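Okay, structure first, notes after.
Each chain gets a letter, A, B and so on, in the order the sequences are listed, and its residues count up from 1. Since the structure is predicted, the reported quantities are computational estimates derived from the model, not experimental observations.
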2 protein chains.
Amino acid sequence: MEKVRKLLESKNIRPTYQRLKILKYLTESKEHPTVDRIYGVMKKDIPTISKTTVYNTLNSLVEAGVALPIIITGKEARFDSNVMPHHHFYCEKCGKILDLKVECEHFKKGSIHGHSIKELHGYYKGICKNCL
Amino acid sequence: MEKVRKLLESKNIRPTYQRLKILKYLTESKEHPTVDRIYGVMKKDIPTISKTTVYNTLNSLVEAGVALPIIITGKEARFDSNVMPHHHFYCEKCGKILDLKVECEHFKKGSIHGHSIKELHGYYKGICKNCL
DNA sequence: TCCATATTTGTAATCCTTACAATTATGTAT
DNA sequence: ATACATAATTGTAAGGATTACAAATATGGA
Ligand SMILES: [Mn+2]
Ligand SMILES: [Mn+2]
Ligand SMILES: [Zn+2]
Ligand SMILES: [Zn+2]
């Protein structure tokens, strides 16, 4: 919990109870949760929490560079506290999003064809090992 | 126009006037248009066209494998009639989506870590050459 | 403690997309 | 050509994720 608090303070984000819990859950979870999922989990500890707070907090974390939204389905965003460049696998059957450790020479580039690169996103869609 | 008709017929999609026009525009446009954009352009030729028809048609084209939705911002889908694997560049300033011709060894794979791959999507986010 | 400011909360509004039913068009058999 | 069954189009309503907003609450410093 101290690590999470330090992380927030280093980004000048006030470490409120809601924010600490949300970021802690995000760092410990490997499931790239949706807002609804985060909201549901948070309610156990903070029954009064509002979904707007979840949205506000996630937006703050993203803006501060501590989290990343993962846009794949276009239905709902999912969130990742691992902001190091990495690829994902989206299973069309179970809906899980898995981290992939794949080499990608494109991560290294700062520009391409004259366009300035800020982020690179790569993901596969298919059926995961478990669902096959 | 005959090419577009043939394409639709090959996929067993009835070549109605609306569908022909929409697919024709999609194949000739390089801008990866939104539904609203397509709707606006179609209205010039077909003033009575409904936005639902645009949605229906695009869904049919996607299902038939003739078009692909491009999900980047999470706000609104954009569409591409080029279904050959290729990467994109999204400009955060002007909102344009550009095609990128980049080599990617990952396109060749059929599976990864035991997961069965159906699609690979890759895109950069940043500031395009024109906006720099 | 007091106060200014930031955060949280609940509700309403917004925007994209889909559901649905009525109307219109299409293709085929007579 | 006509009649009929089926499919597509249209307009409106509903759904779902996200944001806007203002009131209530919490925070941190003087
Ligand atoms: Mn991840
Ligand atoms: Mn493209
Ligand atoms: Zn799966
Ligand atoms: Zn640009």
Side-chain angles (χ1 to χ4, degrees), chain A residues 4-5 8-25 32-64 66-79 90 95 97, chain B residues 4-5 7-9 11-25 32-64 66-79 90 95 97:
Chain A
V4 172
R5 179 182 296 272
L8 284 179
E9 283 170 351
S10 77
K11 300 293 182 180
N12 290 312
I13 298 175
R14 282 196 191 175
T16 64
Y17 190 65
Q18 289 89 338
R19 287 169 173 172
L20 284 168
K21 284 289 190 181
I22 289 173
L23 182 53
K24 182 171 184 293
Y25 170 63
H32 306 92
T34 64
V35 169
D36 259 343
R37 174 83 175 126
I38 297 169
Y39 176 63
V41 173
M42 288 305 105
K43 275 213 145 177
K44 297 174 192 163
D45 272 305
I46 321 170
T48 61
I49 197 169
S50 160
K51 193 174 281 187
T52 299
T53 297
V54 179
Y55 275 105
N56 289 342
T57 298
L58 289 169
N59 287 341
S60 299
L61 296 179
V62 169
E63 196 187 357
V66 179
L68 270 178
I70 301 176
I71 309 297
I72 291 184
T73 65
K75 294 295 291 182
E76 53 187 354
R78 300 174 68 155
F79 291 87
Y90 172 72
I97 292 181
Chain B
V4 171
R5 181 183 295 273
L7 182 53
L8 285 178
E9 283 170 350
K11 299 294 181 181
N12 289 313
I13 298 175
R14 283 197 192 173
T16 64
Y17 190 65
Q18 289 89 338
R19 288 169 172 173
L20 284 168
K21 285 288 190 181
I22 288 173
L23 182 52
K24 181 170 185 293
Y25 170 62
H32 307 90
T34 64
V35 169
D36 260 343
R37 173 82 175 127
I38 297 170
Y39 177 63
V41 172
M42 288 304 106
K43 275 213 145 179
K44 297 174 192 162
D45 273 306
I46 320 171
T48 61
I49 198 170
S50 160
K51 195 175 280 188
T52 299
T53 297
V54 179
Y55 274 105
N56 289 341
T57 299
L58 289 169
N59 287 341
S60 299
L61 297 178
V62 169
E63 196 187 357
V66 179
L68 271 178
I70 301 177
I71 308 297
I72 291 184
T73 65
K75 294 296 291 182
E76 54 188 354
R78 301 175 67 156
F79 292 86
Y90 173 72
I97 292 182

So, B:K43 and B:Y39: side-chain donor and acceptor under 3.5 Å apart, yes or no?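 The answer is yes; a qualifying pair exists.
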Between [N] atom [atom2] and [X] atom [atom1], what is the distance in whole Å?
X     : N      : atom1 : atom2 : result
A:L20 : D:dA26 : CG    : C1'   : 14 Å
B:I70 : C:dC16 : CD1   : P     : 17 Å
B:Y17 : D:dT10 : OH    : C1'   : 17 Å
B:K51 : C:dA19 : NZ    : P     : 17 Å
B:E63 : C:dT18 : CD    : C1'   : 15 Å
A:R78 : D:dA17 : CZ    : P     : 13 Å
A:L58 : C:dT7  : CG    : C1'   : 15 Å
A:N56 : D:dA22 : CG    : C1'   : 13 Å

On DNA chain D, compare the nucleotides closest to A:N59 and B:T16; which residue's is nearer the 5' end?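 Per heavy-atom nearest nucleotide, the more 5' residue is B:T16.
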Start at the 5' end of DNA chain D and walk down; is the nucleotide closest to B:K75 or to B:I46 reached first?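 Residue closer to the 5' terminus by nearest nucleotide: B:I46.
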Respond yes when some side-chain nitrogen or oxygen of [X] is under 4.0 Å from OP1 or OP2 of [N], and no when none is.
X     : N      : answer
B:Y55 : C:dT17 : yes
B:R14 : C:dG27 : no
A:Q18 : D:dA26 : no
A:T53 : C:dT9  : yes

Which nucleotide in C:dT9, C:dT18, D:dA8 has an atom nearest any side-chain atom of A:T48: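 From the listed options, C:dT9 comes nearest.
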Please pick, from C:dT11, C:dC16, D:dG11, the nucleotide with the shortest atom-to-atom distance to any side-chain atom of B:S50.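 Nearest listed nucleotide: D:dG11.
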From CA spacing to verdict: side-chain contact (heavy atoms from CB on, under 4.5 Å), B:Q18, B:M42: CA-CA 8 Å; B:Q18 289 89 338; B:M42 288 304 106; over 6 Å; no
B:T48 vs B:I46, test: side-chain contact (heavy atoms from CB on, under 4.5 Å). Steps then yes/no. CA-CA 5 Å; B:T48 61; B:I46 320 171; 4.1 Å; yes
As a test of understanding, state which of B:I70, B:V54, B:V35, B:L68 forms a side-chain contact (heavy atoms from CB on, under 4.5 Å) with B:F79.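 Single side-chain contact (heavy atoms from CB on, under 4.5 Å) partner of B:F79 among B:I70, B:V54, B:V35, B:L68: B:V35.
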Counting only heavy atoms not in B:E9, do more than 12 sit closer than 6.0 Å to its CD atom?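 Correct, the count exceeds 12.
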